[in-house]
Amino acid sequence: MRWTSLFIPTLREAPAEAEAVSHQLLVRGGFIRQLQSGHYSMLPLAWKVNKKIVKILREEMDLIGAQEVMLPAIHPASLWQKSGRWDAIGDDMFRFLDRKDADQVLAMTNEEVIATVALELSSYRDLPQMWYQIQTKFRDEPRPKSGLLRVREFDMKDSYSIDIDDEGLDKSFNLHHQAYERIFIRLGLHAIPVEASSGAMGGSDSVEFMVESPAGEDDVAVCNSCGYSANVERATSIIPEVGNRLENETLEKFDTPNIRTIEALSQAGHPPEHQIKTLVYMIDGELSLILLRGDHQFQEQKFCDTSSSVEVTPAEEDTIKKALGASPGSLGAVGIDKMPIFADPALKGRTGMTTGANEDDFHLSGVNIERDIKIDQWIDMRSIADGEGCPSCSEPLRVVRCIEAGHIFKLGRKYSEAMGVTVLDSEGESQTPTMGSYGIGVGRAMAAIAETHCDDSGLIWPMSVAPYEVVLTVVKTDDENSMKIAEEIYTDLKTNGIDVLLDDREERPGVKFADAELIGIPLRVTIGPRGLENGVVEFLDRSDPEKTQAEINIAEVRDFLLEKISSQQDLTA
RNA sequence: CGGGAUGUGGCGCAGUCUGGCAGCGCACCUGCUUUGGGAGCAGGGGGUCGGGAGUUCAAAUCUCCCCAUCCCGACCA
């Protein structure tokens, strides 16, 4: 295409509200524009990138034998009531009434519909099945953010597997795992597969594909030594043992005026690792106590997963006061037997501890956990920290910020059972098949690529998804010879299947160079009188930090570029 | 949903405290001169100052209500 006939509204400055690098560059480069919070228009350049990402997704899904389908985006409420998610999902789901006053939902995912379609399967011989689609999803996010990274309306590749048994599910899951690894490599993303929490999706096993980036929203523990990796919602670690304070073995109440924090108590001579942190939570409707070591943080999701709790919310202050007789800052579990008490294993065997006395301005010292507190359940619910020991090799773990680029789940029979899906097995017995679901957000992938492929001048798209592979920059458009050669090269490249952009604008060279770099075209060929005198054009690789230019004979340009493109095209090789 | 911030032409901002002609830079249009890393000069177009109500002779500016956007947290199927 010719630049003069394209709509590429580049900006010198990014909008003030754009903070994430990908957001700034995608707006500045004329890729996207915002309509409202969480809703973006993809302009021609972004849509070209989008299509290239989608092409890769299709190729890799087809390669593992998945079949493309297209499901409705509007579902009747009854479908979601059947699976229980009509009630389980709150405001995150867009809901509306149709003209007949029937409840409808805008689909945020499609397990229910897939299970409905699967009702037509009747024999184990029909299995396995893998179905995928690339379709717009709607989620009423409480806080959309960072441009395309978290939005309310986005295209997602979602796929689903249906198998007769666990062994089959493992196979489908592994096929997806492999496909995802290839996809992310082809997208130029270094995605680490990590153990993840399944959240309210249910199911036994889930793996997230995480791309390290400060713009991400998840923290992941990774071990550089043995390769262990897990979302902090799930990660465990080895921590050094703390010696008990043996001089302090008898329970004693003492005066702590105005001391309400771990920090303040620590300054009063009770280090955090010798304190018991007491949190009051409403857990599935029951007021409960959560005990952690003073210097540890509560990991809510981890608690939910290991305790199989569904609803875990902090208790209101007046509820706490009523139940324990004191306000947060003076709470403790000693002597409490009328509510469930959950404790983190880091407290096991600890004595000489300090905790609140359930009386404002008083604490207890000399607490022996197992002697003085009636613990109902030990549950690993501590958030791990950077530098703690890897659970499998004990080397220090790193905690890194990541973008969740993909997520795969073993769902089990939750949805097939709810929808009543059954097939006959080889014995003629009725069986409920097991399912998996697998997702990659297209726009988020684009943002993750932008986030990790840029420099001070702008974007640097990987060849596989670049809006154009080559940009021909004509330095002087009013120089007849320059334009003649440029047109010849342009036509030649196009007929040879190269995705080429001809910058034929009557702009000064500096503007053209800056724009080409901003929109991140991987290869640039500069055509100007200076080179043409010697029968050459200049070549520049966008990813070269030194910006070294090479002179190429005009006659060799096409073969040179074809070679460059193919060597950068497929990174899985 | 809790906390914080911001809303003035397509983008970036000043003006608001102390009420008195809506301004600047970029972008855009016309002309001339320029032309190998975001040109110069001259002329020009484009604004319900987020919205509503109020105070006032007079409101971008003061008061009240509402809305939108961003950031932190909670949440994230």
Side-chain angles (χ1 to χ4, degrees), chain A residues 7 9-20 23-24 27-30 33-39 80 83-93 105 107-112 137-147 149-152 154 156 158 196-203 206 208 215-218 231 233 298 300-301 304 310-314 316-317 404 407-409 411 414-415 437-439 441 444 457-458 473-479 482 505-518 524 526-533 537-538 540 547 549:
Chain A
F7 182 56
T10 60
L11 297 173
R12 193 74 84 88
E13 286 171 288
E17 66 265 17
E19 187 146 309
H23 187 194
Q24 292 184 0
V27 173
R28 279 189 59 209
R33 288 295 185 265
Q34 185 185 58
L35 177 64
Q36 59 169 332
S37 182
H39 299 263
W80 289 73
S83 70
R85 291 209 283 188
W86 174 260
D87 293 318
I89 297 172
D91 294 335
D92 282 8
M93 187 155 66
V105 317
M108 53 198 304
T109 176
N110 292 271
E111 284 77 11
E112 284 85 354
K137 302 294 182 297
F138 301 90
R139 295 181 185 175
D140 194 352
E141 292 286 345
R143 186 150 94 84
K145 57 176 290 203
S146 308
L149 277 173
R150 180 165 293 276
V151 291
R152 303 204 306 168
F154 59 98
M156 178 164 98
D158 47 326
S197 158
S198 303
M201 266 298 251
S206 96
E208 286 170 324
E217 302 177 85
D218 285 271
N231 195 303
E233 290 177 349
F298 182 43
E300 219 172 282
Q301 190 63 50
C304 287
V310 178
E311 205 178 332
V312 175
T313 48
E316 302 287 336
E317 179 149 357
E404 180 190 341
H407 201 162
I408 58 181
F409 297 89
L411 294 173
K414 176 174 171 180
Y415 299 95
S437 94
Y438 317 89
R444 184 181 283 183
S457 309
T473 303
V474 185
V475 174
K476 270 173 79 85
T477 45
D478 53 1
D479 177 61
S482 289
R505 293 175 299 166
E506 288 176 35
E507 285 287 352
R508 296 169 64 82
V511 173
K512 296 186 169 195
F513 294 145
D515 275 345
E517 281 158 24
L518 176 61
R524 186 177 91 202
T526 308
I527 300 164
R530 211 163 68 187
L532 293 184
E533 275 178 28
V537 293
E538 287 110 64
L540 180 70
K547 294 193 182 187
Q549 303 225 37

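Computed from a predicted model, the values in this text were never measured in an experiment. Here is how names work: the chains are called A, B, and so on, in the same order as the sequence lines, proteins then strands, and each is numbered from 1. The basis for the numbers below is simple: all heavy atoms, side chains too, and nothing from hydrogens, waters or symmetry mates.
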Note to self: A:S83: which residues meet the side chain to side chain donor-acceptor pair (under 3.5 Å) condition with it, sequence neighbours left out?
What the structure shows: A:E112
Note to self: Using the side chain to side chain donor-acceptor pair (under 3.5 Å) criterion, which residues pair with A:R524? Sequence neighbours excluded.
What the structure shows: A:E517, A:T526
Restricting both atoms to N or O, compile the protein contacts to nucleotides 28-35 of chain B shorter than 3.5 Å, with distance only.
from  : atom 1 : to     : atom 2 : distance (Å)
B:U34 : O2     : A:R508 : NH1    : 3.0
B:U35 : O4     : A:D478 : OD2    : 3.3

Notebook entry, point to check: Given B:G37, B:A74, B:C71, which nucleotide is nearest the side-chain atoms of A:K547?
Noted result: B:G37
Next item on the list: Answer with base, sugar-phosphate or nothing: what part of the nucleic acid does A:Q36 contact at a heavy-atom distance below 4.0 Å?
Entry: sugar-phosphate
Check: A:F513: what forms a ring pair (Phe, Tyr, Trp, His ring centres under 6.0 Å) with it, not counting sequence neighbours?
Finding: none
Checklist line | Distance in angstrom units between A:E233 CD and B:A74 P, rounded | finding: 11 Å
Margin query: Both A:E141 and A:P144 contact RNA chain B. Which one's nearest nucleotide lies toward the 5' end?
Written below: A:P144
Note to self: Given 3.5 Å as the limit, does a donor-acceptor pair link the side chain of A:R152 with the main chain of A:P144, or not?
What the structure shows: no
Check: Counting only Watson-Crick or G-U wobble pairs whose two distances fall under 3.5 Å, which nucleotide matches B:C62?
Finding: B:G54
Notebook entry, point to check: Base, backbone or nothing for each nucleotide of nucleotides 5-15 of chain B, written B, S, -, heavy atoms under 4.0 angstrom, 5' to 3'?
Noted result: ------SSS--
Check: Among all residues two or more places apart in sequence or in another chain, which pass the side chain to side chain donor-acceptor pair (under 3.5 Å) test with A:S206?
Finding: A:H407
